[in-house]
A.B. asks: 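I have a structure I would like to understand better, so I am pasting it below and will then ask my questions one at a time.
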Number of protein chains: 2
Amino acid sequence: MTLTNSEENYLKAIYHLSEAGKKSVSTNDIASSMKTKPASVSDMIRKLGAKEVINYRKYYGVQITEEGQNYALQVIRKHRLWEVFLVDKLKFNWDEVHEVAEQLEHVRSPLLTQRLDEYLNFPKFDPHGDPIPDEFGDVKARPRISLSEMEVDQAGQIVAVKDSSAAFLRYLDKVGAYIGARIKLLDKVEFDGSIEILVDQKTLFMSKDVASNILIVVS
Amino acid sequence: MTLTNSEENYLKAIYHLSEAGKKSVSTNDIASSMKTKPASVSDMIRKLGAKEVINYRKYYGVQITEEGQNYALQVIRKHRLWEVFLVDKLKFNWDEVHEVAEQLEHVRSPLLTQRLDEYLNFPKFDPHGDPIPDEFGDVKARPRISLSEMEVDQAGQIVAVKDSSAAFLRYLDKVGAYIGARIKLLDKVEFDGSIEILVDQKTLFMSKDVASNILIVVS
DNA sequence: ATTAATTTTTAGCTATATCTAAATAGTTAC
DNA sequence: GTAACTATTTAGATATAGCTAAAAATTAAT
Ligand SMILES: [Mn+2]
Ligand SMILES: [Mn+2]
Ligand SMILES: [Mn+2]
Ligand SMILES: [Mn+2]
């Protein structure tokens, strides 16, 4: 069973919105995440339903099937492996990789995916800290919380970002926040949720909005 | 100006059939080279004409324009760079790369192409011996003749193959012919054009059909 | 110079992927 | 429990890319 590039993009969006198959997903949510119109989504989910990668009951949203999850995970695997390739081998900055990976993830060649994985030394995480599914679709899950959920005096390590947009990532570069950095929450302003953290002997202030897009493993 | 993937594939075919813009190309030739029908080609060349990458006069075939040649050369450049990547870095055999490169050549990212070129150390030829255009579309041309055109006792070096099909390349692997091999023509059968050559102290017999798909620089 | 053969184009159909506008189903508020 | 609002689907367009069958133009043969 094969999907078109566009079908793969929709399926991937549905997988992410469903939080790995846990929730059902609405037409409007798919439309806004894909930047298309609800009418286009209605057409597409009918097709994805026919191909049995989602269960679709008119007016009641969609659930991704087991088969759909496996398919989505293979696309995500390719996306993240290419991102690692671009950063590790071609010296792309982490804010330059997403769009290119959006294209590369659709290249169809199981041999290519396997060899790329090998060449990159079987990486477990992409440049944004997201886990890379293995060839069977298995993902190493870590218990992560967002920086905005931490308590004052708690320490931990930045392990991922929720937002992979160039604007956000360049801001993190500028202030000196990066995947792997050890941090400690120094202060939290109750009024607006903005925080003060310690990173590499430096004090950093950030808004709640920024903090909520940084993921931490507490330790 | 951007072309769709399908338009890029047609333009590349037209470029190759025209021998780098030297000849005009017929609808039927494009159709057979693209494995589509003449009716589909008529539609496509009308579109390519509108985008001014070819000159098209109904019933009189097409000529690729200057702009069309530059565009085609950039696609060819990407195709061949990816082939080098697959063979040099991912240990693909030379008969496994063409189909994958057909997909990768359409990835749109000037930065990717430039960095890939750099990463591969600015290769001048692909795994089949075809020259890789530089970023300006300039190609290093070498005076090559086919093995079937050589004279008895002439010596030279295999520099490229005309046919990149897996079947042909695996046959060459089996008999021990490869790009870079020094050869000498020992004998030629007038009746059917079949030949006998010396490669690495070994004598090899091959049909005219095979010999005409092997390109030589005489020396 | 006609006629015949070949090549090319056009007409009309299918499939994908998108859109806007209109219709309809479902949900919420009173 | 009906009215109002919101979400979703359907209808009808447009654009791409392919096909077959029929028409038209070019080229070749007599
Ligand atoms: Mn990404
Ligand atoms: Mn994509
Ligand atoms: Mn291609
Ligand atoms: Mn090649």
Side-chain angles (χ1 to χ4, degrees), chain A residues 1-15 17-18 23-64 68 71-72 75 99 102-103 105-108, chain B residues 1-15 17-18 23-64 68 71-72 75 99 102-103 105-108:
Chain A
M1 206 268 312
T2 72
L3 302 183
T4 65
N5 287 8
S6 190
E7 286 169 341
E8 287 187 351
N9 286 336
Y10 273 93
L11 186 63
K12 198 159 57 97
I14 291 167
Y15 176 84
L17 289 169
S18 74
K23 304 194 312 184
S24 97
V25 179
S26 77
T27 300
N28 271 1
D29 284 353
I30 298 169
S32 79
S33 130
M34 295 286 299
K35 288 166 185 155
T36 57
K37 303 294 162 179
S40 309
V41 174
S42 281
D43 278 346
M44 185 53 91
I45 59 186
R46 200 179 21 73
K47 283 191 285 183
L48 292 175
K51 295 194 174 183
E52 298 185 356
V53 290
I54 61 174
N55 290 314
Y56 171 42
R57 246 185 72 218
K58 261 195 232 178
Y59 290 103
Y60 291 91
V62 303
Q63 285 89 41
I64 191 164
Y71 197 118
V75 179
E99 271 192 49
E102 268 312 310
Q103 300 178 62
E105 72 188 358
H106 303 292
V107 173
R108 284 155 220 275
Chain B
M1 207 269 311
T2 73
L3 302 183
T4 66
N5 288 7
S6 190
E7 286 168 342
E8 287 187 350
N9 286 335
Y10 273 94
L11 186 63
K12 199 160 54 97
I14 291 167
Y15 176 84
L17 289 170
S18 74
K23 302 194 312 183
S24 97
V25 180
S26 77
T27 300
N28 270 2
D29 284 354
I30 298 169
S32 78
S33 130
M34 296 285 300
K35 286 165 187 158
T36 58
K37 303 293 163 180
S40 309
V41 174
S42 281
D43 279 346
M44 184 54 89
I45 59 186
R46 200 179 21 72
K47 283 191 287 183
L48 292 175
K51 294 193 174 183
E52 298 185 354
V53 290
I54 61 175
N55 290 314
Y56 171 42
R57 245 185 73 218
K58 264 195 227 177
Y59 291 102
Y60 291 91
V62 302
Q63 285 90 41
I64 192 163
Y71 198 118
V75 179
E99 272 192 47
E102 267 312 310
Q103 300 178 62
E105 71 188 357
H106 303 292
V107 173
R108 283 154 219 275

A.B. asks: Need one value for A/Ser40: base, sugar-phosphate or nothing, where a base atom within 4.0 Å counts as base even if backbone is also close, heavy atoms only.
C.D. replies: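 Base contact.
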A.B. asks: Taking OP1 and OP2 of D/dT9, is either one under 4.0 Å from a side-chain nitrogen or oxygen of A/Thr27?
C.D. replies: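 Yes, within the criterion.
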A.B. asks: So A/Leu48 and A/Tyr56, do their side chains get closer than 4.5 Å, heavy atoms only?
C.D. replies: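 They are not in contact (no side-chain heavy atoms under 4.5 Å apart), so the answer is no.
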A.B. asks: Among B/Val62, B/Asn55, B/Leu11, B/Val25, find the one that has a side chain to side chain contact (heavy atoms under 4.5 Å, CB included) with B/Ile45.
C.D. replies: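 With B/Ile45 as partner, B/Val62, B/Asn55, B/Leu11, B/Val25 yield a single side chain to side chain contact (heavy atoms under 4.5 Å, CB included), made by B/Val62.
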A.B. asks: Counting Watson-Crick and G-U wobble pairs with both distances under 3.5 Å, what is the dot-bracket string for DNA chain D, 5' to 3', using [ ] for crossing pairs and | for pairs to another strand?
C.D. replies: ||||||||||||||||||||||||||||||
A.B. asks: Given atom CZ of A/Arg46 and atom P of D/dA11, what is their separation to the nearest angstrom?
C.D. replies: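 After rounding, the gap between these two atoms is 11 Å.
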A.B. asks: Whole angstroms only, please: what is the CG-C1' distance between B/Leu3 and D/dA17?
C.D. replies: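 After rounding, the gap between these two atoms is 14 Å.
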A.B. asks: Hey, does A/His106 have a side-chain heavy atom less than 4.5 Å from the side chain of B/Val107?
C.D. replies: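 They are not in side-chain contact.
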A.B. asks: Expressed as a whole number of angstroms, how long is the span from B/Arg57:CZ to D/dA24:P?
C.D. replies: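 It works out to 20 Å between those atoms.
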A.B. asks: Report the distance from atom CD of A/Gln63 to atom CZ of A/Arg57, rounding to the nearest 0.5 Å.
C.D. replies: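 Interatomic distance, A/Gln63 CD to A/Arg57 CZ, rounded to 0.5 Å: 9.0 Å.
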A.B. asks: Which is true for B/Thr4 with a 4.0 Å heavy-atom rule: it touches a base, it touches only sugar-phosphate, or it touches nothing?
C.D. replies: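 Sugar-phosphate, no base atom in range.
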A.B. asks: Less than 4.5 Å apart, any side-chain heavy atom of B/Met44 and any of B/Thr36?
C.D. replies: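 B/Met44 does not reach B/Thr36 side chain to side chain.
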A.B. asks: Starting at the 5' end of DNA chain C, which residue's closest nucleotide do you reach first, B/Ala39 or A/Lys47?
C.D. replies: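 On the 5' side of the pair lies B/Ala39.
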A.B. asks: Just N and O in the side chain of B/Thr36: are any of them under 4.0 Å from OP1 or OP2 of D/dA17?
C.D. replies: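 Checking B/Thr36 against D/dA17: no side-chain N or O falls below 4.0 Å of OP1 or OP2.
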A.B. asks: Please report, rounded to the nearest Å, how far the C1' atom of D/dT6 is from the OH atom of A/Tyr59.
C.D. replies: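 Distance check: A/Tyr59 OH to D/dT6 C1' gives 12 Å.
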A.B. asks: Provide the start and end nucleotides, 5' to 3', of the part of DNA chain C that has atoms under 4.0 Å from heavy atoms of chain A.
C.D. replies: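 Result: C/dT16 to C/dG26.
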A.B. asks: Using a cut-off of less than 4.0 Å, is there contact between a side-chain N or O of A/Lys58 and OP1 or OP2 of D/dT10?
C.D. replies: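 Yes.
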A.B. asks: Could you tell me whether the side chain of A/Met1 reaches within less than 4.5 Å of the side chain of A/Val53, counting heavy atoms only?
C.D. replies: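 A/Val53 vs A/Met1: side chains touch.
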A.B. asks: Roughly, in whole Å, what's the span from CG in A/Asn28 to C1' in D/dT9?
C.D. replies: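 Checked: the CG to C1' distance equals 12 Å.
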A.B. asks: Walk me through it: do A/Lys47 and A/Leu3 pass the test side chain to side chain contact (heavy atoms under 4.5 Å, CB included)?
C.D. replies: CA-CA 10 Å; A/Lys47 283 191 285 183; A/Leu3 302 183; over 6 Å; no
A.B. asks: Can you list every pair that meets salt bridge (charged side-chain N to carboxylate O under 4.0 Å, His left out) and has a residue in residues 25-45 of chain A, with sequence neighbours left out?
C.D. replies: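 Non-adjacent pairs meeting salt bridge (charged side-chain N to carboxylate O under 4.0 Å, His left out): A/Asp43-A/Arg46.
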A.B. asks: Side chains of B/Asn9 and B/Glu105: does their closest heavy-atom pair fall under 4.5 Å?
C.D. replies: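 Yes, their side chains come closer than 4.5 Å.
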A.B. asks: For B/Leu48 and D/dA17, what is the distance between atoms CG and C1' respectively, to the nearest whole Å?
C.D. replies: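 Answer to the nearest Å: 12 Å.
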A.B. asks: Starting at atom OH of A/Tyr60, determine the distance to atom C1' of D/dT9, rounded to an integer number of angstrom.
C.D. replies: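 The distance from OH of A/Tyr60 to C1' of D/dT9 comes to 14 Å, rounded to the nearest Å.
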A.B. asks: In this structure, how many angstroms lie between the P atom of D/dG18 and the CD1 atom of B/Ile45, rounded?
C.D. replies: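 About 13 Å, once rounded to whole Å.
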